[in-house]
2 protein chains.
Amino acid sequence: MATIKEIAEMASVSRTTVSRVLNNSGYVSAEARKRVEKVIEETGYEPSIYAKSLRTKRTSVIGVILPTIKTETPSRIVTGLGSELAKHGYQILLANTNLDKEKEYEYLDLLKTRQVDGIVLLATNTDPKLIQKIKEINVPVVIVGQEAKGIMHVTYDDYHAARELTAFLIQKGHTQIAFIGVHEEDRAVGFLRKRGFLDEMTANGLNVELEWIQEGIFDIDSGKESMGKILKQSVNTPTATIAVTDRLAIGAMSYLKDKDIVIPDRMALVGFGASEISQYLEPALTTVDFQNEKAGEQAANQLLAKLNAQTYQEKIILDYRLLIRQSV
Amino acid sequence: MATIKEIAEMASVSRTTVSRVLNNSGYVSAEARKRVEKVIEETGYEPSIYAKSLRTKRTSVIGVILPTIKTETPSRIVTGLGSELAKHGYQILLANTNLDKEKEYEYLDLLKTRQVDGIVLLATNTDPKLIQKIKEINVPVVIVGQEAKGIMHVTYDDYHAARELTAFLIQKGHTQIAFIGVHEEDRAVGFLRKRGFLDEMTANGLNVELEWIQEGIFDIDSGKESMGKILKQSVNTPTATIAVTDRLAIGAMSYLKDKDIVIPDRMALVGFGASEISQYLEPALTTVDFQNEKAGEQAANQLLAKLNAQTYQEKIILDYRLLIRQSV
DNA sequence: ATTATGTGTGGAATCGATTCCATAATATAG
DNA sequence: CTATATTATGGAATCGATTCCACACATAAT
């Protein structure tokens, strides 16, 4: 691999001039430029990005911290991020925590050490400690999926999506509605979606029995189990169930099918996330599309804007769409 | 951020000695080491990896080129890769082609420019041109999922898995078996799985009608469509269908349900890939588990072994397991 | 004719590490 | 008591770029 010095010699100019051609900066005569370009072309020379980064302190690498890459939401966000970043010559350095919260801290440090230009954090929580850490490392960070005071973020409108979904069920005549949620530590999915549901029920003067509210974790089996609990404990069985993710809904659906409870006749069912499979289920699942790719793109754009000292928004709340299908 | 020079001054030693402490190399007295370590501890000093890479030509970054991150197989492989690489202090630089074949070439170049220590390629084809390019760039590459002469690779035993799956259907009494495949350019999924199916049929003296063999692309709708074609065209309708991916099988299942064709009674159905959803389908899908995480781990380990000049295997073929469920 | 401005170029310092080499002090062998 | 390892340390070159600064020359303005 050639170096800038060799290119300079071959083109009979100084390293400085080669650098000017490379970066389109300063004054270079047409002839000198031509000679340098010719040599670069012929040798297939590529400047060492490590030497470059050492001087410029910029790496064109964005770190992405995510809880898992195996589920649809993060992988879609990463797809959106990747395509937008690639357009601007940035690469993604991946940091997968595998749901280990401690690793979030570790990776923030690691990515700083790796001197990434910015970090995208697909957060599952928004601990003050985490926020603190983010501010400490002094690297531009954008959080996707959770609101965070004082830190750039791109979120979904979880609260209103939940309200609207609930309103839709009520409008369809349901008055007894169950809810399968997740831990409220996850403010977006756990807290806000539940809040939206409860507020809408209250606004309509509807009561929610305690046993109708279950809390699971982020997997299919958990949805199955929760549905079981809802149906077992209730004196008044609900006629509809809201699950905060499609996977939980799929679990619930699996339970209902096992018990020959027909959807939507005896139990309506809705989810969140618009997973690919949701439309192929039997019956097709009513769900909320949060357009994760777009979230990734927006996060990328805001981060890049900040890096280039352009105007950016501290806070972006994305739109959602209800996908009404046969499960209601 | 402190530099090695400042650390050296603070510990009253030379940069050389600090470097020795950092890398555990050469002779350092106990006292000197202690002083240096203390200063490092106090300042939270982290050596610049760019300066380091510039000298050592090593980056501890592995590039991963993949066709998409949205589907289960690649995201599982990446999970396996990531966890194994992280153990050894390596990071993943992601390059998502979004199924654009041209980008595979581009990214090979880009990753070389980025001076990654090695590349993992989740290949969908094995063009001589691609192989040529890989050899050209002169960076250690391991291909996952496809066999490739002269290049390190980790593959599944697609051929025997397909034969065994076919044999299982035959053993269950099926003699008329349809097949939903993909383009043979994808040698592993398109060619080998089909070959395995056909060979096993022939070995059992069974005939396969031309219309029973359909070719789709990698999505659910395509499976649905293919199932439609199989059932529309046939005089002799098959009693079982093999789809080369679970998503194709899910599409086929969707079609069958629409037409009230009961699985497995009137049509048995099997897939490949052991997708998470497969066990929650109704009926649960019989499929082949290729243990993608393990493939990722193995790929990582072989690559690391090569990088560290340890013994490695040029070629690894992984085991598979038949997951027999209610769809047969 | 003199000064100011614009254009073009290269020398040399710099970024922050690693590593070769020289040197010195101490320990061990002959 | 010399000769030879062994241990410990630092100076200086190096990796491959960018960028400040000085300088030369041509042209335009005064």
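Hydrogens, waters and symmetry mates play no part in the numbers below; they use all other heavy atoms, side chains included. The chains referred to below are lettered A, B, ... by the order of the sequence lines, with proteins before strands, and numbering in each begins at 1.
Straight-line distance from the NZ atom of A/Lys5 to the C1' atom of D/dT18: 16 Å, rounded to whole Å. Taking atom OH of residue A/Tyr50 and atom C1' of nucleotide D/dT14, one finds them 19 Å apart after rounding to whole Å. Taking atom CD1 of A/Ile7 as the reference point, atom P of D/dT18 lies 12 Å away to the nearest angstrom. The NZ-P distance, from A/Lys52 to C/dG16, rounds to 18 Å in whole Å. Remark: P of D/dG16 and CD1 of A/Ile49 are 14 Å apart, rounded to the nearest angstrom. Atom-to-atom, CZ of B/Arg15 to C1' of D/dT14 comes out at 11 Å; the value is rounded to the nearest Å. Computed from coordinates, the A/Ile4 CD1 to D/dC15 P distance equals 14 Å when rounded to whole Å. Between B/Leu54 atom CG and C/dT19 atom P the separation is 12 Å, expressed in whole Å.
Contact annotation for A/Val13: backbone-only contact, meaning every heavy-atom pair under 4.0 Å involves sugar-phosphate atoms and none involves a base. Across all strands, B/Ser48 comes closer than 4.0 Å only to sugar-phosphate atoms, never to a base (heavy-atom distances). The residue A/Lys57 sits close only to the backbone: its heavy atoms come under 4.0 Å of sugar-phosphate atoms, none of a base.
The stretch residues 22-33 of chain B touches DNA chain D through B/Tyr27, B/Val28, B/Ser29, B/Ala32, each having a heavy atom within less than 4.0 Å of the strand.
Taking the charged nitrogens against the carboxylate oxygens, B/Glu293 and A/Lys70 do have a contact shorter than 4.0 Å, which makes a salt bridge. Taking 4.0 Å as the cut-off between side-chain N and carboxylate O, A/Glu297 and A/Lys87 do not count as a salt-bridged pair. A salt bridge links A/Glu42 with A/Lys38; the closest basic N to acidic carboxylate O contact falls under 4.0 Å.
Between C/dG11, D/dA17, C/dT19, one nucleotide has an atom nearer to the side chain of B/Arg55 than all others, and that is C/dT19.
The local environment of CD in B/Gln310 is crowded, with over 12 non-hydrogen atoms from other residues, nucleotides or ligands closer than 6.0 Å.
A donor-acceptor pair under 3.5 Å links the side-chain atoms of A/Asp117 to the main chain of A/Ser60, judged by distance alone. Listed for the A/Ser53 side chain is a donor-acceptor partner under 3.5 Å among the backbone atoms of A/Ile49.
The base of C/dG8 has none of its N or O atoms less than 3.5 Å from a complementary donor or acceptor on the side chain of A/Thr17. For C/dG10, its base sits under 3.5 Å from the side chain of A/Arg20 at one donor and acceptor pair at least.
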**Item:** Residue pair B/Tyr312, B/Asn301: steps toward the side-chain hydrogen bond (donor to acceptor under 3.5 Å, both in side chains) verdict
**Value:** CA-CA 8 Å; B/Tyr312 63 91; B/Asn301 283 136; over 6 Å; no
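Close to C/dT18, at under 4.0 Å from its OP1 or OP2, lies a side-chain N or O of B/Ser19. Residue B/Ser14 places at least one side-chain N or O under 4.0 Å from the OP1 or OP2 atom of D/dG10.
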